[in-house]
Amino acid sequence: MPRLFYCPECGKEQILNNNPYEKEKTIMNIRDGYGRPITHYKCECGNDLAGSMDVSGWDKNGIEYAKETIAGYN
């Protein structure tokens with residue numbers, strides 16, 4: 001399952017099928033049950049609220065939406 005890993009503070013963006021940040025996980029944000037949840041993690045830049053979202057089946061517009069959503073919860 002492809003996941004977007006995005007840090008709004010440093011701009012790092014990756015789409016990966018594995019989770020290299022599993023040990024850096026900080027909180028699970030279910031977004032009040034609205035939409036796909038965000039898994040927050042600590043980025044290399046020190047941001048504790050960088051985020052990861054499932055982007056399965058999403059096009060470029062969906063990925064931009066995911067980035068905006070992660071930034072909004074940052």
Side-chain angles (χ1 to χ4, degrees):
M1 142 177 62
R3 296 189 67 82
L4 168 69
F5 294 88
Y6 177 64
C7 178
E9 293 215 356
C10 71
K12 184 173 183 177
E13 174 184 349
Q14 300 172 294
I15 296 179
L16 303 170
N17 288 321
N18 61 338
N19 185 354
Y21 303 102
E22 186 63 36
K23 292 182 181 177
E24 302 299 326
K25 183 177 169 183
T26 55
I27 59 172
M28 182 68 163
N29 180 346
I30 60 169
R31 301 177 52 212
D32 295 326
Y34 178 78
R36 296 183 183 184
I38 301 170
T39 302
H40 292 284
Y41 65 94
K42 185 172 184 173
C43 181
E44 291 92 355
C45 74
N47 179 14
D48 288 323
L49 293 176
S52 166
M53 285 181 76
D54 174 12
V55 292
S56 300
W58 285 6
D59 62 7
K60 192 172 192 164
N61 291 332
I63 292 170
E64 286 301 314
Y65 165 77
K67 287 170 54 177
E68 290 171 10
T69 302
I70 291 168
Y73 280 96
N74 205 266

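Remember, it's a predicted structure, so these values are computed and weren't measured experimentally.
- M1 CE to N18 CG: the interatomic distance, rounded to the nearest 0.5 Å, is 11.5 Å.
- Using a 4.5 Å cut-off on side-chain heavy atoms (C-beta onward), N47 and C10 make no contact.
- Here the side chain of R36 pairs no donor or acceptor atom with the backbone of M53 at under 3.5 angstrom.
- Residues passing the side chain to side chain donor-acceptor pair (under 3.5 Å) test with Q14 are Y21, sequence neighbours excluded.
- Summarising the geometry, atom NZ belonging to K25 is positioned 14.5 Å from atom NZ belonging to K23; distances are rounded to the nearest 0.5 Å.
- When side chains are defined from C-beta on, D48 does not count as touching H40, because their heavy atoms never get closer than 4.5 Å.
- Judged by distance alone, with hydrogens and angles left aside, the side-chain atoms of D54 form a donor-acceptor pair with the main-chain N or O of S56 at under 3.5 Å.
- Cluster membership for V55 and Y73, using ILVMFWY side-chain heavy atoms within less than 4.5 angstrom, is shared.
- Expressed to the nearest 0.5 Å, how far OH of Y6 lies from OG1 of T69 amounts to 11.0 Å.
- Y65 and R31 make their closest contact through OH-NH2, 3.1 Å (heavy atoms, listed as atom of the first residue, atom of the second, distance).
- Using a 4.5 Å cut-off on side-chain heavy atoms (C-beta onward), R3 and T39 make contact.
- The heavy-atom pair separating A50 from N74 by the smallest distance is N-ND2, 3.9 Å.
- Residue pairs meeting the salt bridge (Lys or Arg N to Asp or Glu O under 4.0 Å) criterion with at least one partner in residues 38-47, sequence neighbours excluded, are K12-E44.
- Looking at every heavy atom in both residues, Y41 comes nearest to S52 through CE2-N, 4.1 Å.
- Exactly one of L49, N29, I38 qualifies for a side-chain contact (heavy atoms from CB on, under 4.5 Å) with I70. That residue is I38.
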